[in-house]
Amino acid sequence: MPTSDEANPRRDSAIVRSLCAWFRANARDLPWRRVTKAGTRDPYRSLVSEIMLQQTQVSRVLEKFEPFLEAFPTLEALADADEDEVLAMWSGLGYYRRARSLHACVRQARDVFGGLPESAADLESLKGIGRYTAGAIASIVHNHAEPIVDGNVERVLLRLEGKPMRVGETQTKNWCWERAEELVNKAKSSKSAGVDPATFNEGLMELGALVCTPKSPSCEACPLHGSCAAYRESAQDSIPLPKTRKAKKPLYMACLIVRDAKSRLLISQRPKGGLWGGLWEVPTIESDAKLPKSAVAERFGVATTALIREDSFVHETTHRSVAVVVYRSTAPGVKLTGTWVYRADTDDLATGSLQDRVIRAGFAE
DNA sequence: AAACCGGGGTC
DNA sequence: GACCCAGGTTT
């Protein structure tokens, strides 16, 4: 009696063939899947999409992908751009370090390799490209037999093999990478038409996105249910195990709206790295504790009587709950440095959604 | 191994 | 509200 962990070449072969056939028939028509010529994809478009898609849902990326590609149509164009332009096109996507890393990545690729390299090892040497992204480009664009494991793939593989583990933990990832490697090698060695590493890897992710979903998976429609341990044991809903989540950290922000005689608004750029790194904001104070008005006035160098409380709201991110209080100054602060901008200047500015709201309020009336 | 880093859709 | 997402880097 073979154990469940024992290699089963015939089962793996069936999994690979079924999945590839399903993907060929059910793949979504996404802009980064566009084929330029003779079945090849633009590696640069693939790179941009992969970075944008990190921890970001397809529907979010769809709004930003084409405008970004229009602004930076080629790797050379992106490499030649200023970091501020790149950040501006990333506005609203979140995880802004990705934009700065992508910019550094293409410059590095141009200077070191004369363009984007093809091997996963070379790709992974570039800024912002880890094992997943390197494997994705090498396999999907160049059809190399490189495994890929993201959140989707972990969930699919854990269910397929009936492993009650948590997504994202080191032990889980290690097991998934090994399993994904076995399967992609099986796809590589397959003699069936339409079965290859590119189709298998992308199919695995597409299955996780469309069928083997976190909640209410469509097992009856799944091409792999005949091989799936979780389905056989009716364990789809208990695999993977629920994530353990940390409480959101509170953050308090006091923002100051200052206008000059020309109705311009005072803004400044946040330091690179850290929260909203490199993005623009109105003068803002941050603290782990509530900021009394007197402290805000002191820090901004403005009299308390010149500070008008204009708005307050809570901005939620995955990891933070940010309590924002917006003040307007009736007298410019002596200590404040920054850049004066007109309303129209802010359109091409790199901003997060929180400061977008504050800046809009700043120009109101 | 754990912390850090966004945003918005969905249930 | 909690959960999710084509992760990588830093500590």
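Sequence lines set the chain letters: A, B, ... in the order given, protein chains first and strands last, and positions in each chain run from 1.
Look at CZ on A:Arg97: it is 9 Å from P on B:dG6, rounded to the nearest Å. Protein atom CZ of A:Arg100 is 17 Å distant from nucleotide atom P of C:dG8, rounded to whole Å. With rounding to whole Å, A:Leu126 atom CG is found 10 Å from C:dT9 atom P. In this structure, NZ of A:Lys173 is placed 13 Å from P of B:dA2, rounded to the nearest angstrom. In this structure, A:Leu251 atom CG and B:dC4 atom P are separated by 12 Å, rounded to whole Å. Rounded to an integer number of Å, the gap from NE2 of A:His315 to P of B:dC5 is 13 Å. We find that OH of A:Tyr95 is positioned 10 Å from P of C:dG7, with the value rounded to whole Å. In this structure, A:Leu275 atom CG and C:dT9 atom P are separated by 19 Å, rounded to whole Å.
One finds no side-chain N or O of A:Thr317 lying less than 4.0 angstrom from the OP1 or OP2 phosphate oxygen of B:dC5. In terms of phosphate contacts, A:Lys215 brings no side-chain nitrogen or oxygen within less than 4.0 Å of OP1 or OP2 of C:dC3. Dashed line: the shortest gap from a side-chain N or O of A:Arg320 to OP1 or OP2 of B:dC5 is under 4.0 Å. Contact annotation: A:Arg98 does not reach the phosphate of B:dG6 (side-chain N/O to OP1 or OP2, under 4.0 Å).
With a 4.5 Å cut-off on side-chain heavy atoms, A:Lys186 and A:Ile15 do not count as touching. Using a 4.5 Å cut-off on side-chain heavy atoms (C-beta onward), A:Arg131 and A:Trp177 make contact. Here the side chains of A:Leu207 and A:Cys222 are in contact, with some heavy-atom distance below 4.5 Å. Residues A:Arg270 and A:Leu275 form a side-chain contact, since some pair of their non-hydrogen atoms from C-beta on lies under 4.5 Å apart.
Not a single donor-acceptor pair under 3.5 Å links the side chain of A:Ser287 to the backbone N or O of A:Leu291. Side-chain atoms of A:Arg45 come within 3.5 Å of backbone N or O of A:Pro31 as a donor-acceptor pair.
With B:dA2, C:dA6, C:dC5 as the choices, the nucleotide that has an atom nearest any side-chain atom of A:Lys246 turns out to be B:dA2. In the set C:dC5, C:dA6, B:dG6, the nucleotide with an atom closest to the side chain of A:Asp150 is C:dA6.
No contact: A:Gly208 has no heavy atom under 4.0 Å from any strand. Among the atoms of the strands shown, none is found under 4.0 Å from any heavy atom of A:Gly273. Looking at heavy-atom distances under 4.0 Å, A:Trp90 makes no contact with the nucleic acid at all. Within 4.0 Å of A:Leu93, counting heavy atoms only, lies at least one base atom of the nucleic acid.
The residue among A:Leu279 and A:Lys249 whose nearest nucleotide of DNA chain B lies closer to the 5′ end is A:Lys249. Residue A:Gln171 is the one, among A:Gln171 and A:Leu354, whose nearest nucleotide of DNA chain B lies closer to the 5' end (criterion: closest heavy atom).
Proximity of residues 127-140 of chain A to DNA chain C (heavy atom under 4.0 angstrom from any strand atom) is restricted to A:Lys127, A:Gly128, A:Ile129, A:Gly130, A:Arg131, A:Tyr132, A:Thr133. Listed by residue number, the members of residues 48-69 of chain A with any heavy atom below 4.0 angstrom from DNA chain B are A:Gln55, A:Thr56, A:Gln57, A:Arg60.
Side-chain contact annotation: A:Gln355 with A:Thr284, donor-acceptor N/O pair under 3.5 Å present. A donor-acceptor contact closer than 3.5 angstrom is absent between the side chains of A:Ser227 and A:Arg232.
A salt bridge links A:Arg11 to A:Glu161: one of the charged nitrogens lies within less than 4.0 Å of a carboxylate oxygen.
In this structure, A:Phe65 and A:Trp32 have perpendicular ring planes: the angle between them is above 60°, well past the 30° mark.
Residue ring and base: A:His319 does not count as stacked with B:dC4 (centre distance below 5.5 Å and interplanar angle below 30° not both satisfied).
B:dC11 and C:dA6: their P atoms are spaced 15 Å apart (whole Å). C:dC5 sits 11 Å from B:dG6 when the C1' atoms are compared, rounded to a whole Å.
By the ring pair (Phe, Tyr, Trp, His ring centres under 6.0 Å) test, A:Tyr44 is found to be paired with no residue, residues two or more places apart in sequence or in another chain being considered.
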